[in-house]
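Everything below concerns the one structure shown next.
Quick note: numbers below take in every heavy atom, side chains included, and nothing from hydrogens, waters or symmetry partners. Each ligand, and each atom within it, is numbered from 1 in the order the structure gives.
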Amino acid sequence: MHPTLLSLVALLAACVGVHAQTLVNGQIFTNGLAIVDAPAPNSPMHAGSVTQVAIDISGDGHLDQSASIPGSDKSTRFDSLEIYLVSYQTRLNLTVSSGPDLLTREQGSTVKHLDYNVSTCIPAGSYNLTFYEASHIDDQAFFSITAYPLTVMNDHPTDACTNGTNTLQDFPQLSSAPPQSPWLDGTSIATQPLPTATGNGAATLTSVSSGFGLAASYALGLGLLPILL
Ligand SMILES: *[C@@H]1O[C@H](CO)[C@@H](O)[C@H](O)[C@H]1NC(C)=O
Ligand SMILES: *[C@@H]1O[C@H](CO)[C@@H](O)[C@H](O)[C@H]1NC(C)=O
Ligand SMILES: *[C@@H]1O[C@H](CO)[C@@H](O)[C@H](O)[C@H]1NC(C)=O
Ligand SMILES: *[C@@H]1O[C@H](CO)[C@@H](O)[C@H](O)[C@H]1NC(C)=O
């Protein structure tokens with residue numbers, strides 16, 4: 001595919017894929033590479049207790065272990081994965097995991113586990129567990145944001161949190177995500193190389209349409225595709 005078209009598709013995907021996530025058999029498929037096993041959406045977090053976070057970084061077995069370590073040379077790979085507990089209700093943005101810690105721990109394991117101490121400083125209310133993923137899919141860069149709701153229960157809140165607090169940024173935040181998880185496609189775009197630019201336009205479009213169909217339809221609708229191909 002023409003590089004310009006790839007950028008266009010990524011740009012259009014940014015318009016349609018913000019904050020999307022899909023629940024399949026209890027797993028949360030982010031619209032990046034990560035698949036979240038726990039905690040379940042809408043589950044309670046109890047202040048003063050630990051909430052276990054578990055994330056499959058293997059695309060349910062499709063992705064080589066080395067692709068999850070930042071700096072990997074794989075065409076489909078994680079660059080970074082950070083998690084924050086965010087609420088526009090209580091106006092808090094708390095670090096659950098930042099930096100390369102999550103992706104580099106438990107090497108050899110396809111699931112990364114994190115015990116998050118829900119501090120008693122966190123006021124009760126509605127929160128989003130929010131995943132920020134920078135990744136490459138077939139060498140195309142993406143930044144996806146996945147947020148899903150959780151409730152914090154706290155009968156005895158202590159003083160305002162001072163540790164792990166971050167500036168709360170305005171909603172919505174910019175992202176450039178694939179239209180959906182690449183692992184949910186009939187033909188996984190991440191495990192099969194994209195067709196080369198030498199194929200004719202129609203064939204190229206058909207073979208990537210399972211992953212980028214929505215964005216490609218937008219491009220078609222705008223009449224841009226014939227020009228770029
Ligand atoms: C959680 O995120 C959604 C968008 O994904 C947003 O509409 C909602 O306000 C957020 N909830 C809280 C409590 O911040
Ligand atoms: C959580 O809190 C417990 C008790 O205060 C402490 O032992 C443990 O190291 C903490 N875990 C993390 C991940 O901070
Ligand atoms: C501060 O928060 C970070 C990130 O949540 C955590 O790793 C660290 O253990 C906390 N430190 C203290 C003293 O609670
Ligand atoms: C929360 O803070 C982190 C670290 O500064 C930032 O990357 C993220 O965009 C913030 N999210 C929101 C919703 O403010």
| query | Strictly by modelled atom types, are Asn31 and Gln180 linked by a side-chain donor-acceptor pair under 3.5 Å? | reply |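 Looking only at side-chain atoms, Gln180 and Asn31 do not form any donor-acceptor pair under 3.5 Å.
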| Taking atom types as modelled, is there a side-chain donor on Thr130 or Asn128 under 3.5 Å from an acceptor on the other? |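 No.
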Flag the pair [X] / [Y] as yes when at least one side-chain heavy-atom distance between them is below 4.5 Å, and no otherwise.
X      : Y      : result
His113 : Val111 : yes
Trp183 : Leu63  : yes
Ile83  : Leu129 : yes
Asp60  : Phe29  : yes

| message | Please output the residues near ligand 4 using a strict heavy-atom distance under 4.0 Å, listed in chain and residue-number order. | response |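 Shell around ligand 4 (4.0 Å, heavy atoms): Tyr84, Val86, Tyr88, Asn93, Tyr132, Asn166, Thr167, Leu168, Gln169, Gln173.
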| message | Under a 4.0 angstrom heavy-atom cut-off, which atoms of ligand 1 come close to Ser126? | response |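 Contacts of ligand 1 toward Ser126, numbered from 1: 13 (C).
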